[in-house]
Amino acid sequence: MTPPDGFDPARAGFSRPSRSRARPESSMADDAPTPTRDYRETVFLPETPFPMRAGLPQKEPQILAKWDEQNLYHAIRADRQRAGAPLFVLHDGPPYANGAIHIGHALQKTLKDFVVRSRFLLGYDVDFVPGWDCHGLPIEWKIEEELRGQGRRKDEVSKAEFRTRCREYAAHWIDVQCQGFKRLGVIGDWENRYATMDFASEAAIVAEFHKFVASGQLYRGSKPVMWSPVERTALADAEVEYHDHVSPTVWVKFPVTEGSDAARGASVVIWTTTPWTIPANRAISYNEAIAYSVYVVEQIQGGLEFEPWAAPGDRLIVADKLVADVMDAAKVAKYRRVEPVDCQGMVCEHPLANLDPHYQFGVPLLAGDHVTDDAGTGFVHTAPGHGADDYMVWIAHGHREIPETVDPDGAYYPHVALFAGLKVLETEGKKAGKFGPANPAVIEKLIEAGRLLARGRLEHSYPHSWRSKAPVIFRNTPQWFIRMDEPVETKELGGRTLREAALEAIEATAFYPAQGKNRIRSMVESRPDWLISRQRAWGAPLAMFVDKETNQPLHDPEVDARIVEAIKAEGADAWFNRPVTDFLGPHDPERYEKVEDILDVWFDSGSTHAFTLENRAHTKWPADLYLEGSDQHRGWFQSSLLESSGTRGRAPYDAILTHGFTMDENGEKMSKSKGNTVDPEVVIRESGAEIIRIWAAMIDYADDSRIGKTILQTTSDAYRKLRNTIRYMLGALADFSPDEAVELDQMPPLERFILHRLWELDGQVRAAYESYVFQDVIRPVLDFCQEDLSALFFDIRKDSLYCDRPDHLTRRAARTVMHETFERLTAWLSPLMPFTMEEAWLTRFPQAHSNCLRTLPQTPGEWRNDYESSRWAKVKAVTTVVTGELEIKRQAKEVGAALESNPLVQILDRDSLEAFEGLNPAEVFRTSDCELGNPDWDDHLAAQAPAGYLSKQFNRPDVGHVYVTHRAASGEKCERCRRRLPEVTAPKFLCVRCDDAVAAWDAARA
RNA sequence: GGGCCUGUAGCUCAGUUGGUUAGAGCACACGCCUGAUAAGCGUGAGGUCGGCAGUUCGAGUCUGCCUGGGCCCA
């Protein structure tokens, strides 16, 4: 292979003085001319103390310490307040103070910090007070566990001590989580963080509760609620989870006492999975749309190992559709349909009536839509105290008395004949949560009474407590509710119902993403009255008195005020510890019952706006934004909506932003048992919080997002790219002074193009931050760094930056544009990557206070340049053909560096050729020289093109109008700038430009 | 079981009102440079757009069903 013209390996060796350190000048005893000096010192290489590798795990804590020292958040606010900036309020949804932070917390607080910092950047005065949710069952449960560990029963511990321990426990985790959130770089009013257990908060929550009492929105209902006997408490829907569970099933006969001739003498058959509710039975429900008949048993199945309870001659009433199933369960081989039955007005006797007078009452049949013929017998055993449907059908038929059958431990009350004291569930010891003796006892008695038709077992989905994992039961207890559907005659509600006010508030709220509105609306439309009472210890109390005669809450503003004052001073404990006379004043203590229930924790969290956004300086109610996970449509968004609508007639927020959940790398839910969790603390220790932040910025947070090893690696790569871009600019701008800045009309085309891109990005970044789409900040900026800066601008201007005289226009223009770029990059990215942008800013301006104090720099409209934008698109297309040709020659070992080439570039398309007007093609292609033109118009080029050049030269199908031929650059290599030009000669081996630059360099140092 | 959402290269994401051969960045392979060097530049490979069926001249885009995943609820 012949080397290309002008390529002399020997000289190539000379041309790299920087690598010839070990080679003594004299040892190369040949005749090749030697450069007279090493020009390296005259080259303006980038210089910066900003290291390539960040060392974030060490660097971040230093930056945090400085921010802390500067009191950064308050410093920014003070700055904005001095400038009269508009206020923006992001109200923090409180995490529960019972454990270390996980990746979901990290994502959420990071997103919140993006909001806070970007609003600061946009020029707002931002109020953000982090908070914690402290009351509630999970913490109580932890403390009970601790007590058990010490061998103490809960009963042995005073309520006051118990509450103190809960308070200490929550305080501990607030501290831990606070450190975790701060470490992520989250800024806010940490010193004045709120907590629902603060005395002032507890007082405010109780005051909010009093508003509901005063406006008549509260009532005491006797209603079946989900009840956990193990925890002795009512549970909210959110505190219940469903698991498979094996229950006994029974088919029970209710002899008909009133009804048609055919019906009398027959028995209505019901099927249930909760035999223990039979003593509470008061009715049987049927559906008017279902056909029922009397059937007579004719023959029992043979070969059974036991005596079936059914016998020939038995007359049973069931749904026609289900008769086969029922007969099969009863081991009946043959049966006959007697006649259809109209259930209207029928009455049965209780199946235990013949065992005890207690059960001697009529059991009416009631029509209800909740009855189906999918399974069972077509009849539903109805115990108004133990099921929501049961309760409703019972009430709907005009009944008022709800039997109370089991006590808070889930044991039958003493008045329940045959079963007094028996427990539905075991509540203590190793068997806690297992079914107790109630079911078997009831089944035994049914057999004894001759009313059991059949029995079995069934595995089905059954509600369990989310905390104890024990099954729950429906139990009729007195509870306090907030009405959803009664017109409220307050100033705020103006005769609307709470549901109406809440639905109107939803319409008035902006949702990001928009689907959130449907989601919360459908929930509010259908939700039942708000059950707010809990029979627990750790929470804010329903601090009120009930008149024993009228059963109505005492409404006296002075009493309420005394209660709130006492709680403000001593916490909720005041309600439990102080004598009632302290609160009641002139009222007769004998006449009033003190309510000791505590409030649903959702009422606490629903009230956070009241004690955070009101009566504090520099904030406002309502908040501009609430930001939480999408599960909070049922949680905090809704509790806040209801609480605020009930007391203030509207939502406490103008907008709601939701994010999805964080999955593992395969899109699966994270769980400790699967071992696929990502611990934010580990990521911070190994890579830095900045990596978590970039991850949060790059994902589509509205959807569920993934995180794992690969994804974090990709994130780190993106970080490195951004960091190196910044670093290069810092190096290039090390000695830049505004004096050398170049005016726009003096700028070369490349600089104008970059300014145009800055203008374009400025609009994109502002719009993206306005609408909280952080992805649309980091992705375009990252692409800009990669494509426009690193691969184009920096790569082309390297030559000018390193080799041109400092006063050269191109070099000055390039540095001016880099300066403008640095100004904007460090601002645009500061909300997302505050650590690195702070480091960069302070590297450039060591005397500056903090990058975080800045607002977005204004970008002049004159920077917009559509001509340069389309020009460079065409230039880039031509460039791909040039690099394509060089790549082919490189593989053929004909060329190495692009500077060895002087390509012939023939462009047949007028537009593309004209795009090069005013450009130096060699500079653009980063070659030493270049000839470019259209051979059809240019005789010189035509002469150089061999016949049939189109077929012989390199061309890409996607840029069909461009043909390129590599030709070795002729001339010696300039020892300073490495270009090969004919003008370079011994002994200096410098091109004209470098000769001049070196002279200037020497003169400056003379 | 019901409601809502979701599935485009290994990863993160673009893909206009349906309209050429589905794109970008990173990662990967190969090469160049050795004056951004644990960096920089270039070239390349990589996708049945979750699957099936339909509407249409034409479907990643519209419709239905199925399937994987998620949240909420029962």
Side-chain angles (χ1 to χ4, degrees), chain A residues 16-19 39-40 43-48 50-53 237-238 240-242 374 388 460-463 513 515-516 518-520 522-523 526-527 629-635 638 658 660-669 694-695 697-700 702-721 723-732 775-776 778-780 782-787 790-792 794-796 798-799 801-803 879-880 882-891 893 895-900 926 956-958 976-978:
Chain A
R16 292 171 186 167
S18 62
R19 287 175 120 198
Y39 297 108
R40 200 169 200 276
V43 177
F44 308 106
L45 295 179
E47 231 183 284
T48 175
F50 190 81
M52 184 177 285
R53 284 169 62 80
D237 291 349
V240 169
E241 57 190 33
Y242 287 76
D374 293 344
H460 62 152
S461 186
Y462 190 87
Q515 301 95 284
N518 295 334
R519 200 163 167 179
I520 194 169
S522 64
M523 289 182 203
S526 60
R527 70 157 295 147
S630 58
D631 57 332
Q632 297 303 322
H633 286 109
R634 179 156 290 272
Q638 195 177 144
T658 49
F661 281 69
T662 305
M663 304 295 134
D664 76 356
E665 211 141 43
N666 302 314
E668 310 244 342
K669 195 181 194 142
I694 296 170
W695 166 76
M698 292 208 294
I699 57 170
D700 176 5
D703 198 356
D704 291 341
S705 43
R706 301 173 176 201
I707 194 166
K709 224 179 162 178
T710 323
I711 292 166
L712 285 169
Q713 187 55 51
T714 309
T715 310
S716 298
D717 290 334
Y719 175 76
R720 286 210 327 262
K721 184 76 224 174
R723 185 173 179 90
N724 272 313
T725 304
I726 297 279
R727 178 169 183 267
Y728 190 70
M729 283 188 284
L730 283 168
Q775 248 187 335
D776 288 354
I778 196 155
R779 178 54 59 189
L782 202 54
D783 287 351
F784 169 71
C785 288
Q786 177 61 35
E787 290 177 81
S790 196
L792 188 80
F794 296 169
D795 206 44
I796 290 175
K798 226 184 237 187
D799 172 73
L801 284 168
Y802 297 172
C803 302
T879 306
T880 62
V882 176
T883 52
E885 160 71 351
L886 289 179
E887 196 59 33
I888 287 170
K889 293 300 189 300
R890 215 168 255 144
Q891 274 159 32
K893 304 288 178 203
V895 68
L899 284 175
E900 289 166 15
R926 285 140 274 185
R956 300 169 56 108
D958 54 336
R976 186 158 171 276
C977 71
R978 296 169 177 174

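Note that the structure is predicted; figures quoted are calculated from it, not measured. In the text below, chain A, chain B and the rest are named by the order of the sequence lines, each starting its count at 1. Atom set for the values below is all heavy atoms of this structure, side chains included, hydrogens, waters and symmetry mates excluded.
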| query | What distance separates A/H633 NE2 from A/T658 OG1, expressed to the nearest 0.5 Å? | reply |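 Between A/H633 NE2 and A/T658 OG1, I get 4.5 Å after rounding to 0.5 Å.
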OP1 or OP2 of [N] less than 4.0 angstrom from a side-chain nitrogen or oxygen of [X], does that happen here?
| X | N | result |
| --- | --- | --- |
| A/R53 | B/rA38 | no |
| A/R978 | B/rG35 | yes |
| A/K798 | B/rC41 | no |
| A/K669 | B/rC71 | yes |
| A/R720 | B/rA39 | yes |
| A/Y802 | B/rA36 | yes |
| A/R634 | B/rC73 | yes |
| A/S705 | B/rU12 | no |
| A/Q713 | B/rC11 | no |

Give me the distance, rounded to whole Å, that separates [N] from [M] when you measure between the [atom1] atoms they each carry.
| N | M | atom1 | value |
| --- | --- | --- | --- |
| B/rA22 | B/rG51 | P | 15 Å |
| B/rU8 | B/rG68 | C1' | 16 Å |
| B/rU43 | B/rG23 | P | 16 Å |
| B/rA74 | B/rC26 | P | 48 Å |
| B/rA45 | B/rA39 | C1' | 25 Å |
| B/rU37 | B/rG50 | P | 43 Å |
| B/rC30 | B/rU20 | P | 36 Å |
| B/rG3 | B/rU61 | C1' | 26 Å |

With a 4.0 Å cut-off on heavy atoms, is [X] in touch with a base, just the backbone sugar-phosphate, or nothing at all?
| X | answer |
| --- | --- |
| A/E887 | base |
| A/R926 | nothing |
| A/S790 | base |
| A/N724 | base |
| A/F44 | nothing |
| A/A791 | sugar-phosphate |
| A/N518 | nothing |
| A/R723 | nothing |
| A/Y728 | base |
| A/I699 | sugar-phosphate |
| A/C803 | base |
| A/G731 | nothing |

| request: Using the ring of A/Y802 (Phe, Tyr or Trp, six-membered ring only), decide whether A/R976 places NZ or CZ under 6.0 Å from its centre and within 45 degrees of its axis. | output: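 Checked: cation-pi criterion not met.
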| said: Reading RNA chain B from 5' onward, which residue's closest nucleotide shows up sooner: A/E668 or A/Q775? | reply: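 The residue whose closest nucleotide sits nearer the 5' end is A/Q775.
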| message | Using heavy-atom distances to pick each residue's nearest nucleotide on RNA chain B, tell me which of A/R727 and A/Q632 is more 5'. | response |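 On the 5' side of the pair lies A/R727.
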| query | What do the steps show when you test A/M663 against A/E668 for side chain to side chain contact (heavy atoms under 4.5 Å, CB included), and what is the final call? | reply | CA-CA 5 Å; A/M663 304 295 134; A/E668 310 244 342; 5.9 Å; no
| side chain to side chain contact (heavy atoms under 4.5 Å, CB included) assessment of A/K669 paired with A/F661 | CA-CA 9 Å; A/K669 195 181 194 142; A/F661 281 69; over 6 Å; no
Choosing from [options], which nucleotide comes nearest the side chain of [X]?
| X | options | answer |
| --- | --- | --- |
| A/M523 | B/rC26, B/rG40, B/rC72 | B/rC72 |
| A/K721 | B/rA36, B/rC11, B/rG40 | B/rG40 |
| A/T883 | B/rC13, B/rG10, B/rG42 | B/rG42 |

Do [X] and [N] share a donor-acceptor pair, side chain to base, under 3.5 Å?
| X | N | value |
| --- | --- | --- |
| A/R519 | B/rC5 | no |
| A/R779 | B/rU12 | yes |
| A/T48 | B/rA36 | no |

| Do the charged groups of A/R779 and A/D776 touch, with an N to O distance under 4.0 Å? |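 A salt bridge is absent here (no side-chain N lies under 4.0 Å from a carboxylate O).
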| said: Can you tell whether the side chains of A/R706 and A/D664 come within less than 4.0 Å, N to carboxylate O? | reply: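 No.
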| field | Test log, rule side chain to side chain contact (heavy atoms under 4.5 Å, CB included), inputs A/Q638 and A/Q632 | value | CA-CA 7 Å; A/Q638 195 177 144; A/Q632 297 303 322; over 6 Å; no
Distance check needed: [N] [atom2] versus [X] [atom1], whole Å only.
| X | N | atom1 | atom2 | value |
| --- | --- | --- | --- | --- |
| A/D704 | B/rG69 | CG | C1' | 8 Å |
| A/L899 | B/rG42 | CG | C1' | 14 Å |
| A/D776 | B/rU12 | CG | P | 17 Å |
| A/I888 | B/rG44 | CD1 | C1' | 12 Å |
| A/I520 | B/rC5 | CD1 | P | 16 Å |
| A/D783 | B/rG23 | CG | P | 16 Å |
| A/D717 | B/rG40 | CG | P | 10 Å |
| A/D700 | B/rG7 | CG | P | 9 Å |

| Would you say the side-chain atoms of A/T710 and A/E665 include a donor-acceptor pair closer than 3.5 Å? |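 Yes - a donor-acceptor pair under 3.5 Å links their side chains.
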Who is the Watson-Crick or G-U wobble partner of [N], with both distances under 3.5 Å?
| N | result |
| --- | --- |
| B/rC71 | B/rG3 |
| B/rC13 | B/rG23 |
| B/rA29 | B/rU43 |
| B/rC65 | B/rG51 |

| said: I'd like to know if the side chain of A/E900 and the backbone of A/G896 have a donor-acceptor N/O pair within less than 3.5 Å. | reply: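 Yes.
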| task | State which residue, out of A/V882, A/T883, A/D795, fulfils the side chain to side chain contact (heavy atoms under 4.5 Å, CB included) condition with A/R926. | result |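 Per the side chain to side chain contact (heavy atoms under 4.5 Å, CB included) rule, the option paired with A/R926 is A/D795, out of A/V882, A/T883, A/D795.
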